[in-house]
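For this chain, numbers begin at 1 and follow the sequence in order.
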Amino acid sequence: MVEPATAIQAAAPAVAQLKDELDIVIPTIRNLDFLEMWRPFFQPYHLIIVQDGDPSKTIKVPDGFDYELYNRNDINRILGPKASCISFKDSACRCFGYMVSKKKYIFTIDDDCFVAKDPSGKAINALEQHIKNLLSPSTPFFFNTLYDPYREGVDFVRGYPFSLREGVQTAVSHGLWLNIPDYDAPTQLVKPLERNTRFVDAVMTIPKGTLFPMCGMNLAFNRELIGPAMYFGLMGDGQPIGRYDDMWAGWCTKCATVQKCYIELAKQVKEKLSKVDPYFDKLAEAMVTWIEAWDELNPTGAAQPNGKAK
């Protein structure tokens, strides 16, 4: 169950729906019945559905949604040889949706996420919170002890430098969730019955230079700022490593530039990690291929420098 976006950015006082500026990207292997629960929040938006697995399988989408659906055959047709950079049989295939979108913002969610309720029983519009986060500044250089200084009824505390109060543009809004925690396999094995029931209504900025384990199941970002860096790596079929696709993207989004920086990251991966496992040679090549494919499909939409992922 998805909670409000609580980990990466501050809330703006007014909510813009961004109907014409935001795409919702959903990776799936099944019929999208879960959309019925999200209909009140998602129906105004365009959906990009990336079908994983068998491309001959028919995926059913509830009536009334505006969407486009891509399967593996479509990915191969559109990208040609460069389709090798898109993971197969893994939710990392969703980043193809980031590539083909032409909107400023992306919200991505897994097809097994359900609408949570706040303590009063009201359904939580997680997308609305993400939009608030993306439209208000981040404060990565100095921590405000009341967390979100831009939220209604809150301000900067005594001692917070006036020169930093304007903040910087927000690149990523990271949501949390209720019910099953996003644990690694060993932790899940020792805590199989643990569930998260603690509702958190707080927003905070991840400091500059601090890495974090990003999760792609409830996530929004400014595609114009950091789209090319939101590559979920090579996972799934034929790959020796899995389940860190979104975390890989999270580490990479802490860069200060996008395409050129990502190519430099690929060089560093090849030079420093290939000795750990040959997989990283393949990953480095895929990172370069990803940028090449991104630029081919987005020739006039190159990401701007100085985007900061918070």
Candidates F221, F107, Y70 - the one meeting ring-ring contact (aromatic ring centres under 6.0 Å, His included) with Y98: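 So the option named by the test is F221.
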
For the backbone of [Y] and the side chain of [X], can you confirm whether one donor and one acceptor N or O come within less than 3.5 Å of each other?
X    : Y    : answer
R94  : G216 : yes
R195 : P181 : no
T210 : I206 : no
N76  : N73  : no
N31  : D33  : no
D110 : C113 : no
T170 : S136 : yes
N196 : W177 : yes
Q188 : Y183 : yes
T205 : P207 : no

With side chains defined as the heavy atoms from C-beta onward, is the minimum distance between [X] and [Y] less than 4.5 Å?
X    : Y    : result
R72  : Q51  : no
T197 : N179 : no
L22  : I106 : no
F142 : P161 : yes
L164 : F162 : no
Y67  : L32  : no
D237 : D90  : no
F232 : S91  : no

Working for ring-ring contact (aromatic ring centres under 6.0 Å, His included), residues F156 and Y150: CA-CA 8 Å; F156 292 96; Y150 303 102; 5.6 Å; yes

Hydrophobic cluster identity match, [X] and [Y], side-chain contacts under 4.5 Å:
X    : Y    : value
V157 : F141 : no
F88  : M99  : no
I29  : I26  : no
Y160 : L146 : no
L273 : L283 : yes

Rounded to the nearest 0.5 Å, how far does [atom2] of [Y] lie from [atom1] of [X]?
X    : Y    : atom1 : atom2 : answer
S274 : Q268 : OG    : CD    : 11.5 Å
N218 : H130 : CG    : NE2   : 3.5 Å
M235 : C93  : CE    : SG    : 13.0 Å
I48  : K102 : CD1   : NZ    : 8.0 Å
M230 : T108 : CE    : OG1   : 8.5 Å
Q169 : N222 : CD    : CG    : 5.5 Å

Can a donor-acceptor pair be found between the side chains of [X] and [Y] at a distance below 3.5 Å?
X    : Y    : result
N133 : Q129 : yes
E224 : Y105 : no
R165 : N144 : no

Contact summary for [X] and [Y], nearest pair of heavy atoms:
X    : Y    : result
F41  : I124 : CE1-O, 3.7 Å
I86  : C95  : CD1-SG, 4.2 Å
S87  : A92  : OG-CB, 3.6 Å
L219 : C215 : CB-O, 3.8 Å
A220 : L134 : CB-CD1, 3.8 Å
N298 : S101 : OD1-O, 3.8 Å

D20 atom CG, neighbour heavy-atom count above 12 within 6.0 Å: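 Result for CG/D20: open.
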
R223 and K103: CA distance, side-chain angles, deciding distance, side-chain contact (heavy atoms from CB on, under 4.5 Å) verdict: CA-CA 7 Å; R223 183 180 176 276; K103 303 290 180 61; 5.7 Å; no

CA sep, side-chain torsions, deciding dist, call: V50, T28, side-chain contact (heavy atoms from CB on, under 4.5 Å): CA-CA 6 Å; V50 184; T28 191; over 6 Å; no

Could you check whether [X] pairs with [Y] (Lys NZ or Arg NE/NH1/NH2 to Asp/Glu carboxylate O, under 4.0 Å)?
X    : Y    : result
D54  : K57  : no
D148 : K132 : no
R39  : E36  : yes
D52  : K89  : no

D23 vs H46, side chain to side chain donor-acceptor pair (under 3.5 Å): CA-CA, chis, key distance, verdict: CA-CA 5 Å; D23 278 335; H46 179 69; 4.6 Å; no

Worked verdict on V61 versus I49 for side-chain contact (heavy atoms from CB on, under 4.5 Å): CA-CA 9 Å; V61 182; I49 302 165; 3.6 Å; yes

Parallel, tilted or perpendicular: rings of Y231 and W290 (30°, 60°):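 Rings of W290 and Y231: parallel, as their planes differ by under 30°.
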
Plane angle bin for W38 and F42 - parallel if under 30°, tilted between 30 and 60°, otherwise perpendicular: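 The rings of F42 and W38 lie parallel, inter-plane angle below 30°.
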
Worked verdict on Y147 versus V154 for side-chain contact (heavy atoms from CB on, under 4.5 Å): CA-CA 9 Å; Y147 297 129; V154 183; over 6 Å; no

